[in-house]
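Any value given below was found using the heavy atoms of this structure, including those in side chains, with hydrogens, waters and symmetry copies removed. Within every chain, numbering begins at 1; the chains are lettered A, B, ... in the order of the sequence lines, protein sequences first and strands thereafter.
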Amino acid sequence: MPRAFYARPVLVVARALLGRALVHDAPEGRTAGLIVEVEAYGGERDPASHAFRGATPRNRVMFGAPGHAYVYFTYGMHHCVNVVTGAKGQARAVLVRALEPIEGLELMRRRRGVEVLERLARGPGCVTEALGLTRADDGVDLTRGPLWIADHPAVRRGPVVRTPRIGIRVAAERPWRLLFAGHPCASGAPIRTAVTARRVSNRSRRR
DNA sequence: GTATCGATTAGC
DNA sequence: CTAATCGATACA
């Protein structure tokens with residue numbers, strides 16, 4: 001997709017990403033999947049955003065030009081990939097939370113150490129592992145290079161045959177944090193929050 | 001410096 | 001519900 005695709009409000013891009021393919025070409029081969037779950041971050045009212053307290057070495061890509069990948073390392077063992085949106089300096093990004101694998105399934109299985117299709121790229125940490133993304137990909141330009149967003153015929157044309165939908169953890173939390181349901185991307189209607197459940201779990205962990 | 005927690009995941 | 005595991009952040 002061209003730069004202009006990314007240079008729009010984060011929520012607009014978040015919805016537009018649903019149903020499109022995230023593709024990565026690596027030496028081992030190509031892997032790709034339809035984006036079925038995303039989460040938008042950024043803005044003065046989003047304390048959950050990595051950019052909430054200003055730019056740092058880690059989040060600097062978020063503050064850069066749109067159309068770049070913000071990849072960060074978390075929990076000491078996982079990577080997550082974001083799509084930077086909006087205008088330069090705004091620090092808005094969309095976290096890719098789940099993919100429906102469409103290409104390079106065997107490579108994904110090898111990288112993930114999992115066979116089941118539904119578990120290859122369900123969850124942000126699984127997405128990066130399936131595609132082989134690491135901090136080395138932080139800041140890469142999505143409009144040129146081995147990592148990019150593409151339209152996908154099967155989705156553009158409507159309900160063709162699909163593999164079982166994944167990324168069912170649909171949720172929404174206003175004002176800046178949203179989780180959308182998978183395709184058809186036209187609907188993209190938020191259903192219910194899953195963030196709440198995570199918070200409850202974390203609370204008990206602190207005791 | 002030292003403590004705490006995380007835009008997570010897998011497994012019991 | 002927890003271990004795993006390390007970087008970022010908060011606090012003394």
Side-chain angles (χ1 to χ4, degrees), chain A residues 6 10-11 13-15 17-18 22 33 35-64 66 68-86 90-101 108-139 142 166-182 190-207:
Chain A
Y6 306 100
V10 65
L11 295 184
V13 178
R15 171 170 292 197
L17 285 172
L18 291 172
L22 178 59
I35 298 173
V36 297
E37 185 178 304
V38 297
E39 196 164 33
Y41 285 97
E44 276 65 49
R45 292 154 62 195
D46 183 6
S49 169
H50 285 174
F52 188 63
R53 288 162 214 291
T56 66
R58 179 227 220 174
N59 67 20
R60 72 194 158 73
V61 174
M62 264 188 90
F63 287 83
H68 292 258
Y70 164 43
V71 182
Y72 66 89
F73 185 58
T74 189
Y75 285 98
M77 60 186 81
H78 301 295
H79 295 275
C80 293
V81 59
N82 294 255
V83 174
V84 177
T85 77
Q90 281 192 322
R92 306 290 159 88
V94 179
L95 173 69
V96 178
R97 297 192 57 89
L99 303 177
E100 178 182 308
M108 288 190 187
R109 291 193 169 96
R110 226 175 302 142
R111 285 170 172 159
R112 293 270 298 118
V114 170
E115 294 296 317
V116 187
L117 173 75
E118 286 77 5
R119 295 192 48 192
L120 291 182
R122 183 181 59 190
C126 299
V127 168
T128 54
E129 189 169 42
L131 295 192
L133 300 176
T134 69
R135 270 171 293 189
D137 300 291
D138 186 35
L142 296 174
I166 62 176
I168 299 300
R169 266 172 59 202
V170 185
E173 182 176 278
R174 284 158 293 138
W176 284 110
R177 195 169 184 186
L178 292 183
L179 286 170
F180 289 110
I191 297 181
R192 53 182 291 276
T193 69
V195 183
T196 310
R198 192 191 315 152
R199 221 178 264 140
V200 171
S201 171
N202 286 348
R203 198 175 307 142
S204 64
R205 183 160 64 87
R206 281 180 207 119
R207 285 195 282 260

Trainee: Closest approach to the side chain of A/T74, judged atom by atom: which nucleotide of B/dG6, C/dT5, C/dT9 is it?
Mentor: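 Given the options B/dG6, C/dT5, C/dT9, the side chain of A/T74 is closest to B/dG6.
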Trainee: How many whole angstroms separate atom CE of A/M62 from atom C1' of C/dA8?
Mentor: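 Answer to the nearest Å: 15 Å.
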Trainee: Please name the pair of heavy atoms, one in A/Y6 and one in A/V83, separated by the smallest distance, quoted to 0.1 Å.
Mentor: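 Of all heavy-atom pairs spanning A/Y6 and A/V83, the closest is CD2-CG1, 3.5 Å.
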Trainee: Output all residues satisfying ring pair (Phe, Tyr, Trp, His ring centres under 6.0 Å) with A/F73, sequence neighbours left out; order by chain, then residue number.
Mentor: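 Partners of A/F73 by the ring pair (Phe, Tyr, Trp, His ring centres under 6.0 Å) criterion, ordered by chain and then number, come out as A/H79.
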Trainee: Write out all pairs satisfying side-chain hydrogen bond (donor to acceptor under 3.5 Å, both in side chains) with one or both partners inside residues 49-64 of chain A, taking only residues at least two apart or from two chains.
Mentor: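 Residue pairs with at least one partner in residues 49-64 of chain A: A/H50-A/Y70, A/T56-A/N59.
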Trainee: How long is the line joining CZ of A/R58 and P of C/dG7, in whole Å?
Mentor: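 The distance from CZ of A/R58 to P of C/dG7 comes to 11 Å, rounded to the nearest Å.
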Trainee: Grab the two heavy atoms, one from A/A130 and one from A/L120, that are nearest each other, plus how far apart they are.
Mentor: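 For A/A130 and A/L120, the tightest heavy-atom pair comes out as CB-O, 3.4 Å.
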Trainee: Under the salt bridge (Lys or Arg N to Asp or Glu O under 4.0 Å) definition, can you give me all pairs with a residue in residues 124-135 of chain A, not counting sequence neighbours?
Mentor: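 Listed once each, the pairs are A/R112-A/E129.
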Trainee: Has A/H50 got a side-chain N or O lying under 4.0 Å from the OP1 or OP2 atom of B/dA7?
Mentor: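 Yes, within the criterion.
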Trainee: Which whole-number value in Å describes the distance from A/R92 CZ to B/dA7 P?
Mentor: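 Value for this atom pair: 18 Å.
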Trainee: Please report the shortest heavy-atom distance between A/V36 and A/E100, naming the atom on each side.
Mentor: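 It is CG1-CB, 4.0 Å.
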Trainee: Just jot down the salt bridge (charged side-chain N to carboxylate O under 4.0 Å, His left out) partners of A/R111, sequence neighbours excluded, or say none.
Mentor: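 A/R111 satisfies salt bridge (charged side-chain N to carboxylate O under 4.0 Å, His left out) with A/E28 only.
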Trainee: With A/A69, which residues qualify under side chain to side chain contact (heavy atoms under 4.5 Å, CB included), at least two apart?
Mentor: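 A/A69 satisfies side chain to side chain contact (heavy atoms under 4.5 Å, CB included) with A/V71, A/V81, A/V140, A/L142, A/L147 only.
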Trainee: Could you go over nucleotides 10-12 of chain B and give all protein N or O partners under 3.5 Å, atom names and distances?
Mentor:
residue: B/dA10; atom: OP1; partner: A/R112; partner atom: NH1; Å: 3.0
residue: B/dA10; atom: OP1; partner: A/R112; partner atom: NH2; Å: 2.9

Trainee: Could you provide the dot-bracket string of DNA chain B, using ( ) for intrastrand pairs, [ ] for crossing pairs and | for bases paired to another strand, with Watson-Crick or G-U pairs below 3.5 Å?
Mentor: ||||||.||||.
Trainee: Rounded to the nearest Å, what distance is computed from the NE2 atom of residue A/H79 to the C1' atom of nucleotide B/dG6?
Mentor: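 Atom-to-atom, A/H79 to B/dG6, this comes out as 15 Å.
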Trainee: Grab the CG-C1' distance between A/N59 and C/dT9 for me, whole Å please.
Mentor: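 The distance from CG of A/N59 to C1' of C/dT9 comes to 12 Å, rounded to the nearest Å.
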Trainee: For A/V127 and A/A121, work out which heavy atoms get closest and say how close.
Mentor: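 Scanning both residues, the minimum pair turns out to be CG2-O, 3.4 Å.
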Trainee: Distance criterion of 3.5 Å, no angle test: do you see the side chain of A/Y75 paired donor-to-acceptor with the base of C/dA4?
Mentor: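 There is none.
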Trainee: Return the 5'-most residue of the pair A/R135, A/R53 with respect to DNA chain C, ranking by each residue's nearest nucleotide.
Mentor: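 This one resolves to A/R135.
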Trainee: Whole angstroms only, please: what is the OH-C1' distance between A/Y72 and B/dG6?
Mentor: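 Interatomic distance, OH of A/Y72 to C1' of B/dG6: 9 Å.
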Trainee: Between the base of B/dA7 and the ring of A/Y41 - centre-to-centre under 5.5 Å, planes within under 30° - is that a stack?
Mentor: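 So A/Y41 counts as stacking on the base.
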Trainee: Checking contacts here: which listed nucleotide (C/dT5, B/dT8, C/dC6) is nearest the side-chain heavy atoms of A/F73?
Mentor: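 Closest nucleotide among those given: C/dC6.
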